[in-house]
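Structure record follows, encoded as C-alpha cells.
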Amino acid sequence: MRALEGLNPAQREAVQTTRGPLLIVAGPGSGKTRVIVHRIAYLVEHEGVSPHHILAVTFTNKAAREMRERLEGLLGPAGHGLTVGTFHWACARILRRDGQAIGIDPHFVIYDDGDQVSLMKKLLAAEALDEKRVSPRAVLSAISRAKSELRDPDAFSRAAEGHWPEMVAMLYRRYQEQLALNHALDFDDLLIGVVDLFKGDHTVLTKYQERYQYLLVDEFQDTNVAQYEIVRLLGGRHRNVCAVGDVDQAIYSWRAADPRNVFHFQRDFPEHKVVLLEQNYRSTQAILDVADAVIRLAPGRHEKRLWTENERGHPALLHEAYNEGEEAQFVVREIERLTRDREARLRDCAVLYRTNAQSRALEEALIRYNMPYQLVGGTRFYERKEIKDVLAYLRLVLNPYDSASLLRIINVPPRKLGQKSLLELERWAARQGVSLWDALQRMAHGEDDAPGVPPNPLTTAARRACAHFVALIEELQAEREGLTVLELLDLLLDRSGYARFLAESEDDGEERLENLQELRAKAAEYEDVNPAVALGTFLEEVTLVQDVDSLETGGDAVTLMTLHTAKGLEFPYVFIVGLEEGLCPHTRSLDDRAAMEEERRLFFVGVTRAMRGLYLSYAFSRRFYNNVNYNTPSRFLADIPPELLAGGRSPAPAVTVAPGVGAAPARATSRAAERPYEPPPVERRLPTPAALADTVSLRAAPAPAAGAPQFRPGDRVHHAHFGDGIVVSSQLTRGDEEVTVAFEGQGVKKLSLAYARLEPR
DNA sequence: GCCTCTGGATTTTTT
DNA sequence: ATCCAGAGGC
C-alpha cells in the first residue's frame with residue numbers, strides 16, 4: 001500500500017481513520033502535509049472514494065499549490081477530479097454556480113483591497129467625513145471583522161453604542177449597498193455568501209454535502225467564524241471532516257481567525273478522534289530546542305513536546321549587526337559562504353522578516369553581490385496601476401455594473417472627463433436610481449431626454465466622450481465570445497488607446513508596458529479554457545491568487561518573505577532578521593497581551609521553518625523612513641538560553657560585526673550538513689571572490705593586486721542589471737574593489753567588483 | 001480639463 | 001523614500 005509507506009504509527013492512524021470526524025494536532029515539521037496527501041491517496045486508492053467527492057481546503061494559495069503538486073506525484077491521473085484550493089477560491093466557485101439562489105450575479109466581481117479602499121473613500125466623502133480623521137482602512141477593517149464573525153449590518157447596528165461603532169454601522173450598511181449595486185463581493189462576502197446560501201437553501205446545501213463527502217481543512221487554527229460555519233454545514237451530513245491544525249502556530253487573529261474553532265469542532269463533532277503528531281522530521285535538535293524555549297513561555301498552552309530523532313546539529317547563530325545594511329551584508333556573505341562550501345544551494349536559503357518593508361535592504365545587498373533571489377509577496381504585481389487599469393477594462397466587459405472599475409478607467413487614457421463631469425454623472429445616475437453604466441448607456445443611446453428623466457447635466461463634449469466610452473465597452477463585449485482572453489486583451493489595449501497612452505508617457509511607460517507583457521503571458525495560459533468561462537476564470541484567478549511571482553521558476557535563488565508567508569514551508573537554512581523590539585515583536589503589539597502572544601507564535605513559526613541551520617539577527621540601528629531608530633534586541637532572544645546560541649561564533653562562521661572590527665571566526669566547526677549538498681549547477685552565478693576565499697583574514701589579507709583599482713572616476717561602464725553608467729568613485733578594500741557608479745536612469749549604486757560583473761565600455 | 005507642485009502620511013501580517 | 005490628495009496655474 002503506497003499510501004502507507006514510510007509513515008510512523010501516529011501518521012498511519014491519521015491516514016487510515018477515514019470515517020467520521022478527525023482532529024489532527026500537528027506540530028511543526030511533523031509531516032502534516034504528508035499525512036494529508038497520503039490520506040487523500042488512501043481514500044482514493046484503498047477505499048475507492050471518487051476524487052470527485054473530496055474537498056481539501058487550505059489557507060493560502062501557496063499551500064494549495066503545493067498540495068496539488070504532491071497529490072499529482074502520488075496519485076497521478078487517478079487523482080483527477082480532486083478539489084484543492086483556498087477557502088475563498090472554493091467559495092467563489094460555489095457562488096458562481098449557485099449564488100443566484102440568493103441574488104448573486106454569476107458575473108460578480110471580487111473587490112480586492114484597493115477596490116475596497118476607493119469605495120470606502122467615496123462613501124466617506126458622500127457622508128462629508130474627512131478621510132484624514134476617519135481612516136478608510138480602519139472602517140474597512142472593522143467591517144471585515146464583523147463580516148468574519150457573520151454579523152450583518154443589522155446585527156452590527158443593534159450592538160453599536162457610541163460614536164465610532166454607530167458610524168461604522170452606517171458605513172457598513174452603505175458599503176454593502178454599494179457592493180450590491182456594483183454586482184461586487186469583497187473577500188469576506190465570498191465566505192458569507194456561501195454560509196447564507198447553505199443556510200437559506202436546503203437543496204443547495206444537500207447538493208454540496210453529497211458532492212463533498214470528504215472534507216480536509218488545513219491550518220484549522222486559522223479559520224474564522226464564517227469559515228468554521230462553512231465546514232460545520234458542509235460536513236454536517238457525512239461527518240467525514242478532517243481538521244488539521246496547531247494552536248501554537250495561530251498567527252492570523254488580526255484577520256479574525258479564531259483558534260477556538262478547534263474546540264468548537266470538538267464540541268460540534270463529539271464523536272471525533274484525535275491524533276497527535278509530535279515527532280519532528282524537519283529540524284535538528286538544536287533548532288527544536290530554540291523553538292521549544294520560545295513557545296514554552298506562551299501562556300495557557302497544553303504542554304506539548306516536540307521531539308526528533310535527528311542529530312543535534314549546530315547551535316543557532318545570533319548576530320548583532322550595526323544597521324540594516326550590515327545585517328543584510330551578513331546574510332548575503334553567509335549565504336555566499338554556504339554555497340561556496342557546497343553546504344547549500346541558494347534555493348536552500350530563506351530570509352524571513354516581520355514586515356515587507358524590510359526586504360529592501362536585503363534586496364540591495366543581494367543585487368550588489370549579484371546573487372539571484374526571489375521575493376515572495378511585497379508589492380504585488382496585480383496592484384500595479386497599469387495592471388489594475390487593464391483588468392478594470394476586462395472586468396467591465398464581463399460586468400459593466402462594476403462602477404469601481406468603470407470610474408477607474410473611464411478617463412484612462414484621458415478622454416477629457418474630469419472630476420467635475422464624473423461627479424455630475426454619478427449624481428445624475430443616483431437621482432434616477434440606476435447604475436453608472438445604465439446612465440451612461442441611456443446617454444449614449446440618446447434616451448436621456450425621456451420624460452421623467454432628470455436633465456442631463458453634462459456638456460456636449462462630455463456626453464460625446466461618454467458615448468465613445470460606451471461604444472468601446474460594447475464593442476469589446478460583442479467581441480468577447482469569439483476571442484481568447486489574450487486576443488481580447490490585445491484588442492482592448494489597441495482600441496482603448498491604452499497601449500499608445502503608455503508608450504507615449506515619458507518616464508516609466510516602458511517598464512509598465514513590460515509589466516503588461518507579463519499579464520499577456522498570464523492571459524495566454526487561458527487559451528485552452530472553455531471560452532465561455534475563460535475570461536471569468538482569468539479575472540478570478542488574478543484577484544484571488546495575488547502572488548504571481550511565486551511561480552517557482554526552478555532557478556536557483558534565495559527566498560525572501562515575511563514570517564507570515566513562511567508558514568507551512570521549510571528551508572535547510574533560515575535567517576530571521578530584524579529581531580528587535582518594535583519590529584518583532586511589532587510596535588502595534590506591545591500594549592496588547594494577546595497580540596504579543598501572537599508575536600511569539602510568529603517567531604516560533606519562523607524558527608521551526610529551519611531544517612539544519614538557523615541564523616538570528618538584530619541591528620543596533622535601523623533606518624525607518626526618514627529617521628534612524630535604535631532598538632533593543634527582541635525580548636524573544638532573551639528567552640533562549642545562551643547555551644543554545646552561538647553568539648558571534650558560528651557553525652558557519654561569518655563576518656565582522658562592523659566593517660573592520662571583526663573577530664576572526666572559527667572555521668573548524670563548520671561542517672553543518674549531515675549529507676553534503678550536490679555541488680551547485682555547472683554554471684555558477686557566484687564567482688568565488690578572492691576577498692572571502694579565506695575567512696580568517698578578513699582584516700589583514702593584502703589585496704592581491706594592491707593599489708591598482710580597475711576602475712577610476714569618469715570611466716564608462718556597463719552592468720547587466722543596471723545598464724550603462726559612469727564611475728563616481730572606486731575604493732580598494734582587502735582584495736576587493738568597491739565601485740560607486742552612477743547609472744543612467746537607475747541612480748547611484750555601490751558595487752562590489754568581486755561579485756558584480758562590471759565591464760568597461 | 002490637465003499638469004505640476006507641495007505637504008502629509010505611510011509600514012504588520014493576507015484572502 | 002515614495003505615494004497620494006488637494007491647490008494653483010495654464
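Quick note: numbers below take in every heavy atom, side chains included, and nothing from hydrogens, waters or symmetry partners. The sequence lines fix the lettering, A, B, ..., with proteins before strands; numbering per chain opens at 1.
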How would you label the contact of A:F87 with the nucleic acid (heavy atoms, under 4.0 Å): base, sugar-phosphate, or nothing?
nothing
Could you tell me whether A:F624 contacts a base, only the sugar-phosphate backbone, or nothing, with contacts defined as non-hydrogen atoms closer than 4.0 Å?
nothing
Closest non-hydrogen atom pair, A:E599 against A:C584:
OE1-CA, 4.4 Å
Closer to the 5' end of DNA chain B via nearest nucleotide, is it A:H586 or A:R415?
A:R415
Have a look at A:S589 and say if it touches a base, only the backbone sugar-phosphate, or nothing, with a 4.0 Å heavy-atom cut-off.
nothing
Closest approach to the side chain of A:T60, judged atom by atom: which nucleotide of B:dT11, B:dT15, B:dT13 is it?
B:dT15
Touch check for A:L602, heavy atoms < 4.0 angstrom, all strands: base, sugar-phosphate only, or nothing?
nothing
Take atom CD of A:Q227 and atom P of B:dT14, then tell me their distance rounded to the nearest Å.
16 Å
For A:T562 and B:dT14, is the shortest distance between a side-chain N/O and OP1 or OP2 below 4.0 Å?
yes
Output the distance between atom CG (A:L519) and atom NZ (A:K388), rounded to the nearest 0.5 Å.
13.0 Å
Taking atom C1' of B:dG1 as reference, at what distance in whole Å does atom CD of A:E424 sit?
15 Å
Does a side chain donor of either A:E581 or A:N631 reach within less than 3.5 Å of an acceptor in the other side chain?
no
In whole angstroms, how far is the P atom of B:dT15 from the CD atom of A:E219?
12 Å
Using distance alone, with no hydrogens and no angle criterion, decide if A:H183 and A:D105 have a side-chain donor and acceptor under 3.5 Å apart.
yes
Need one value for A:T587: base, sugar-phosphate or nothing, where a base atom within 4.0 Å counts as base even if backbone is also close, heavy atoms only.
nothing
So A:D113, base contact, sugar-phosphate only, or nothing? Heavy-atom distance under 4.0 Å.
nothing
Does OP1 or OP2 of B:dT13 have a side-chain N or O of A:N356 closer than 4.0 Å?
yes
Given the ring of A:F108, does A:R96 sit roughly above its face, with NZ or CZ under 6.0 Å from the centre of the six-membered ring and within 45° of the axis?
yes
Does A:T543 make a side-chain N or O approach to OP1 or OP2 of B:dT15 shorter than 4.0 Å?
no
Out of B:dG1, B:dT14, B:dT15, which nucleotide sits closest to the side chain of A:W254?
B:dT14
DNA chain B: 5'-proximal contact among A:G418 and A:I251 (nearest heavy atom):
A:G418
For the residue pair A:D246 and A:Q249, confirm or rule out a side-chain donor-acceptor distance under 3.5 Å.
yes
A:E598 CD to B:dT14 P, in whole Å, measures 13 Å
May I have the distance from A:R255 (atom CZ) to B:dT14 (atom P), rounded to whole angstrom?
9 Å
Roughly how many Å is it from CG in A:L423 to C1' in B:dG1, rounded to a whole number?
15 Å
What's the OH-C1' distance between A:Y353 and B:dT13, to the nearest Å?
12 Å
Covered region of DNA chain C, 5' end to 3' end, by chain A [heavy atoms, under 4.0 Å]
C:dA1 to C:dA5
From C-beta outward on A:K416, which listed nucleotide comes closest to its side chain: B:dT13, B:dC2, B:dT15?
B:dC2
Establish, yes or no, whether the cationic atom of A:R255 lies under 6.0 Å from the six-membered ring centre of A:Y252 and within 45° of the ring axis.
yes
Taking NZ in A:K567 as the centre, count heavy atoms belonging to other residues, nucleotides or ligands within less than 6.0 Å. Is the count above 12?
yes
To the nearest Å, how far apart are A:R463 CZ and B:dG1 C1'?
18 Å
How about A:Y111 and A:N182: does a side-chain donor come under 3.5 Å of a side-chain acceptor?
yes
Indicate, with a heavy-atom threshold strictly under 4.0 Å, whether A:K121 touches base, sugar-phosphate, or nothing.
sugar-phosphate
Under 4.0 Å between a side-chain N/O of A:N411 and OP1 or OP2 of B:dC2, yes or no?
yes
